[in-house]
Amino acid sequence: MLDIQALRTDLPVIAARLATRGFVLDTAHFQKLESHRKSTQTRTQELQAKRNSTSKLIGQAKAKGEDTSAIMAEVASLGDELKQAEVQLGEVQSALQQLLEVIPNTPHSTVPLGKSETDNLEVRKVGSIPAFDFAVKDHVNLGEKLGLDFDTAAKISGARFSLLKGSLARLHRALAQFMLDTHTERHGYTEVYVPYLVNAESMRGTGQLPKFEEDLFRVPRRGFEPTERISPDGVYQRGFMSEPLANPMEDWYLIPTAEVPVTNMVRDEIVLLEQLPLKFVAHTPCFRSEAGSYGRDTRGMIRQHQFDKVELVQIIHPEKSYEGLEELLGHAETILQKLGLPYRVVKLCSGDMGFSAAMTYDIEVWLPAQNAYREISSCSNFEAFQARRMQARFRNAQGKPELVHTLNGSGLAVGRTLVAVLENYQQADGSVVVPEVLRSYMGGLEVIKAS
RNA sequence: GGAGAGGUGGCAGAGUGGUCGAAUGUACCUGACUCGAAAUCAGGCGUAGGUGUAUGCCUACCGUGGGUUCGAAUCCCACCCUCUCCGCCA
């Protein structure tokens, strides 16, 4: 969320910055709401002040045993007008809030201007692209002999799920363990285990709600009848839904990234200055509906409804956040370097960044079968955008509460890393060499072969 | 699933419907005393918002949302959360 004070004082400037990311801010609408808010709030507070002072007089008069009927009649006439003013104020404030919640973050001044991913800026390329003296296979072809089974996953669940067996399942686990160990032992992160089902308030805090609900899996709790049942006359019914119950419980959402539960750890908290930066790493599954991505990456495990990710999160002092972003990016890069995977770092342009980010670096890993770099990590500085939504603050040197900055980045997406390992370490016979750093996690296994 | 207890300021903990934004203790900050510290004494110490050049003034907030009332931390309703006991359970 943007600072409403800044919008009040600097509206044209902020609108122009938002325009660089392709967002049109309706400034006239904002100004109209804002002036309505101002007059309504002033009027409401005047009436409240009058009610309060008069009511106090009644109390004092009664204490002395005086007659209060005249004064009570006076304040009674306030009632309707005050109630109406309060309702109006509530309406205009929630309208402002709703408007504010769907405005994206303003890009940092050093973010390259552009409309789409073609305008992103390549920052560096690291590692050398492997040369193969045979026809490279993609991870799907390679995996089918090694334990990567999409058919069974489709039977169990549906499209965009995968099932790993044997050495590949272990490789998947090894990657996650290796990443966690590296970040905790070398980069100073504290490992956390977090809930995978979160409430709407947490989703709002990091910016997934209210605008991107269609990307999420929503899990109803109490509130509906089951979706399957045997009807009274003995017929099996599927997809049955009753009318909603009178008092439904708040729904949960499956996390689309560990960013949500981990960053929300500091929601509604005031952390001590000396505790900053807080650095957390979590290995979690991520669940995404992939609504709107029909037909994209349908083959293989690049784009799944469920995938694992090791996520880095930092809660950091505002003056240190850009420094912190470079460090966090480096922490993610370390994983690729140690795995010996070639990659490049891209700075996203204003038009390609996510809703909440002020600056984002993507790390793209080389996939030989696609002959392309593909995103494997996204590292962002959200500045105070998420902190403002979460009311996540620290006590500054003057002892006053001030919003923290939040950073996060994948370190890395486990499924895509597995794809990259398979494709980059493949051999002519269809086997895959296990990267050196993973072997201790694989019981010393050096090559994954068809069983 | 059944029965009960409770949610108040950083923490602890009071609060007959009427100067309660809230006693008191503790922590913290400032000052006094001291060579210094401890102890003691005095003062200060919530968050958000509005308004004004300004000392300031005003509004909201006692789990959340409604309601009753001229007036609600206090009364009523619903919900959320925590804890205890019983049952079930990985």
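Here is how names work: the chains are called A, B, and so on, in the same order as the sequence lines, proteins then strands, and each is numbered from 1. Worth knowing before you read on, the calculation uses all heavy atoms, side chains too, and leaves out hydrogens, waters and symmetry mates.
Side-chain contact of S356(A) with N105(A): a donor-acceptor pair under 3.5 Å is absent, judged by distance alone. Side chain to side chain, H283(A) and D308(A) meet the donor-acceptor criterion of an N or O pair below 3.5 Å.
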Next item on the list: Would you give a per-nucleotide map of nucleotides 44-50 of chain B, 5' to 3', where B means the base has a protein non-hydrogen atom under 4.0 Å away, S means only the sugar-phosphate does, and - means neither?
Entry: ---SSBS
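Ring-plane geometry between F161(A) and H305(A) is classed as tilted, the angle between the planes lying from 30 to 60 degrees on a 0 to 90 degree scale.
Rounded to whole Å, the separation between the P atoms of C76(B) and C28(B) comes to 40 Å. Atom C1' of G10(B) sits at a distance of 13 Å from the matching atom of U47(B), rounded to the whole Å. Taking the C1' atom of each, G52(B) and U40(B) are spaced 43 Å apart, rounded to whole Å. The C1' atoms of U34(B) and G49(B) are separated by 46 Å, rounded to the nearest whole Å. The gap from the P atom of G9(B) to that of G15(B) amounts to 16 Å, rounded to the nearest Å. A12(B) sits 35 Å from U68(B) when the P atoms are compared, rounded to a whole Å. Taking atom C1' in both U74(B) and C62(B), the straight-line distance is 10 Å, to the nearest Å. The P atoms of G71(B) and U59(B) are separated by 15 Å, rounded to the nearest whole Å.
Between the CD atom of E46(A) and the C1' atom of G52(B) there is a distance of 14 Å, rounded to whole Å. In this structure, the CG atom of L89(A) is 12 Å from the P atom of C61(B), given to the nearest Å. Separating the CD atom of E201(A) from the C1' atom of C79(B) is a distance of 15 Å, rounded to the nearest angstrom.
Searching all strands for a Watson-Crick or G-U wobble partner of U59(B) with both distances below 3.5 Å returns A48(B). C83(B): Watson-Crick or G-U partner is G4(B), with both key distances under 3.5 Å. Pair assignment for A39(B) gives none, since no Watson-Crick or G-U wobble pairing has each distance under 3.5 Å. With both pairing distances under 3.5 Å, C33(B) is matched to nothing as a Watson-Crick or G-U wobble pair. Pairing of U68(B), defined by two Watson-Crick or G-U wobble distances under 3.5 Å, is not identified with any nucleotide. Taking a pair to require two hydrogen-bonding distances under 3.5 Å in either a Watson-Crick or a G-U wobble arrangement, U24(B) pairs with A12(B).
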Close N/O contacts between protein and nucleotides 67-73 of chain B (under 3.5 Å):
residue, atom, partner, partner atom, Å
C70(B), O2', S55(A), OG, 3.2
G71(B), O4', S55(A), OG, 3.2

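Atom NZ of K347(A) sits in a crowded spot, with more than 12 heavy atoms from other residues, nucleotides or ligands closer than 6.0 Å.
Residues R43(A) and E81(A) are paired through a salt bridge, judged by an N-O separation under 4.0 Å between the basic side chain and the carboxylate. In this structure, E213(A) pairs ionically with R218(A), as a charged nitrogen and a carboxylate oxygen lie closer than 4.0 Å. At a threshold of 4.0 Å, the pair D149(A)-K165(A) counts as salt-bridged, since one of the basic side-chain nitrogens sits closer than that to a carboxylate oxygen. With respect to the salt-bridge test (charged N to carboxylate O, under 4.0 angstrom), the residues R37(A) and E34(A) qualify.
With Q386(A) as reference, E259(A) is the one residue of M1(A), R204(A), E259(A) to meet the side-chain contact (heavy atoms from CB on, under 4.5 Å) rule.
Taking the six-membered ring where the residue is Trp, the centroids of F394(A) and H317(A) are separated by under 6.0 Å.
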